[in-house]
Amino acid sequence: MSLEVLALVALLPILVALVLMVGMRWPATKAMPLAWLTAAGGAVLVWGLPAKYVAALTLQGFVTAIGILIIVFGAILILRTLQHSGGMETIQYGMQNISGDRRIQAIIIGYMFAAFIEGAAGFGTPAALAAPLLLSLGFPPLAAAVICLVFNSFPVTFGAVGTPVVLGLKYLTGPVDAAVSAGAAGVNFSNMTDFNMLVGQWATVMHLAMIFILPVFMLGFITRYFGPERSWKPGLAAWKFCMFAAVAFSVPYLFFAWTVGPEFPSLIGGLVGLGIIIAGAKAGFCVPKQSWDFGPSSKWDSSWTGTVSADATEFKAHMSQFRAWLPYILIGIILVVTRIPELGLKGFLAAQAIKFNAILGFSSVNAKIAYLYLPGTIPFVLVALLTVLIHGMPAEKVKVSWTQAIATMKNPTIALFAAVALVSIFRGSGIADVALNPNNYPSMPLAMAKLSPR
């Protein structure tokens with residue numbers, strides 16, 4: 001069969017997902033299972049892979065998805081726990097009282113706080129937390145959404161404690177092109193820890209320019225399209241605070257990426273940077289002399305609000321800021337302690353795994369769940385349990401937190417099972433085994449890559 005036909009068949013599952021989710025607005029819970037079915041059908045009918053082998057790859061994907069879902073569950077659980085303990089409202093209260101300047105609030109919350117939440121939890125939580133917080137402070141809903149979504153561009157590589165790098169690259173083993181390896185002397189590409197470290201290091205370098213450019217641009221954009229004066233000038237006038245924030249974030253961001261690993265850049269960069277710029281804002285450091293606001297909501301364009309209420313909300317403090325932030329501080333400390341090999345915990349935790357070898361009898365199809373090394377268990381679930389004691393939560397609120405976290409997992413479970421199973425089929429379709437791949441076709445991604453223009 002021609003390479004063109006193979007590439008088209010390989011592309012079909014992606015097209016199905018795009019058409020259903022983007023074109024027809026289907027939820028991922030419905031679109032991704034159909035995309036998986038399309039991939040499985042192409043693997044059996046066109047690639048000639050045995051149906052049992054495709055089923056084994058699907059099960060392998062399910063096991064991998066469980067590992068990701070443990071991280072998602074842990075992130076949601078810590079969020080729900082903080083919401084019901086009063087810790088999150090206390091954090092919001094503290095944010096609300098730092099500065100009345102909307103430009104400073106946008107940088108502290110949309111840029112720095114959201115970067116920290118992305119590094120700690122990922123999976124949409126930055127927008128879920130930061131955008132409502134900006135809305136409660138009096139931002140137009142559309143402006144709040146734009147700020148949080150655009151600012152989430154550089155932290156997302158290291159979201160949920162480096163999940164995109166650590167789990168996304170876990171199957172990239174084998175020989176590396178000599179031209180690539182020649183530029184990375186001393187890196188052992190058979191060791192995925194070294195490979196992940198290298199990817200994380202250079203990802204921070206590629207992001208570095210935007211870490212400095214984006215805050216200035218976004219503030220100018222916001223004042224130009226949402227400000228009463230419709231001018232870039234008020235936003236650009238806050239450039240000194242933007243540079244201050246960029247330095248406060250990028251120094252720990254780069255340091256942890258280059259010395260420890262991809263789990264930490266956004267999390268530690270956001271956490272350390274947040275403390276620095278909050279202290280700076282309170283002291284008036286690099287803060288513009290004239291405060292800026294969006295103007296009265298009665299004069300806002302109706303497209304800025306839609307059906308969302310734009311009324312400001314007053315938060316209350318239920319505890320000290322230190323107690324409210326302590327769970328997140330513990331997450332950062334525990335992650336560092338458990339990810340530095342020299343401390344001895346990393347190897348021990350990574351070795352504790354449930355292994356699934358030779359799934360359905362195929363020796364090449366294996367999977368495992370390192371249940372203690374996954375950040376969903378340590379530190380997320382562990383810190384959620386500690387938060388019960390730290391914040392003095394009553395049993396009924398603990399029950400509600402766990403119930404809501406479990407209920408929230410339904411849709412991500414369906415979507416991730418199908419999506420990761422699809423990826424597993426893609427990856428396993430090019431196996432070098434004549435009994436499983438009788439036509440010796442390349443893998444589905446490689447078929448598309450070979451056809452793409454060079």
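Worth knowing before you read on, the calculation uses all heavy atoms, side chains too, and leaves out hydrogens, waters and symmetry mates.
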Side chain of [X], backbone of [Y]: donor and acceptor closer than 3.5 Å?
X	Y	value
Gln83	Met88	no
Arg103	Pro234	yes
His391	Arg323	yes
Thr377	Tyr371	yes
Ser429	Met444	yes
Trp292	Ile104	no

What are the two closest heavy atoms between [X] and [Y], and how far apart are they?
X	Y	answer
Met112	Gly269	SD-O, 4.0 Å
Lys233	Ser231	N-OG, 3.0 Å
Pro215	Met210	CD-O, 3.8 Å
His207	Thr157	NE2-OG1, 2.8 Å
Met409	Ile76	SD-CD1, 3.9 Å
Cys242	Ile107	SG-CD1, 4.0 Å

Step through the shown structure and confirm whether more than 12 heavy atoms of other residues, nucleotides or ligands are within 6.0 Å of [atom1] on [X].
X	atom1	result
Arg230	CZ	yes
Trp239	CH2	no
Glu396	CD	yes

Could you tell me if the side chain of [Y] sits less than 4.5 Å from the side chain of [X], heavy atoms only?
X	Y	result
Val260	Ile268	no
Thr90	Gln321	yes
Leu208	Ser250	yes
Val205	Trp258	yes
Phe380	Ile331	yes
Phe158	Tyr253	yes
Val272	Phe255	no
Leu219	Leu236	no

Could you grab the distance from atom [atom1] of [X] to atom [atom2] of [Y], nearest 0.5 Å is fine?
X	Y	atom1	atom2	result
Thr38	Ile14	OG1	CD1	11.0 Å
Lys410	Thr408	NZ	OG1	12.0 Å
Leu34	Leu422	CG	CG	11.5 Å
Ile108	Ile98	CD1	CD1	4.5 Å
Ile147	Ile222	CD1	CD1	4.0 Å
Leu134	Arg102	CG	CZ	9.5 Å

Mutual orientation of the aromatic rings belonging to [X] and [Y] [parallel < 30°, tilted 30-60°, perpendicular > 60°]:
X	Y	answer
Phe226	Phe294	perpendicular
Phe116	Tyr328	perpendicular
Tyr111	Phe151	perpendicular
Phe241	Phe244	perpendicular

Indicate, with yes or no, if the rings of [X] and [Y] have centres closer together than 6.0 Å.
X	Y	result
Trp232	Phe217	yes
Trp402	Phe73	yes
Phe249	Phe154	yes

Legend entry - side chain to side chain contact (heavy atoms under 4.5 Å, CB included) between Thr403 and Arg80, worked out: CA-CA 9 Å; Thr403 301; Arg80 296 299 186 192; over 6 Å; no
Inset, instruction - Given side chain to side chain contact (heavy atoms under 4.5 Å, CB included), test Lys30 with Leu20 step by step and report yes or no. - result: CA-CA 9 Å; Lys30 293 182 178 179; Leu20 293 180; over 6 Å; no
Legend entry - By side-chain hydrogen bond (donor to acceptor under 3.5 Å, both in side chains) - contacts of Asn411 (at least two apart): none
Legend entry - Non-neighbouring partners of Ser424 that pass side-chain hydrogen bond (donor to acceptor under 3.5 Å, both in side chains), sequence neighbours left out: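 For Ser424 the side-chain hydrogen bond (donor to acceptor under 3.5 Å, both in side chains) partners, ignoring immediate neighbours, are Gln60.
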Inset, instruction - Not counting sequence neighbours, list each pair that qualifies as a salt bridge (Lys or Arg N to Asp or Glu O under 4.0 Å) and has a residue in residues 143-165. - result: none
Inset, instruction - Go through Ile70 and Ile369 one step at a time and tell me if the side chain to side chain contact (heavy atoms under 4.5 Å, CB included) criterion holds. - result: CA-CA 10 Å; Ile70 290 173; Ile369 302 174; 4.1 Å; yes
Legend entry - Met243 vs Phe212, side chain to side chain contact (heavy atoms under 4.5 Å, CB included): CA-CA, chis, key distance, verdict: CA-CA 6 Å; Met243 294 300 100; Phe212 283 83; 3.8 Å; yes
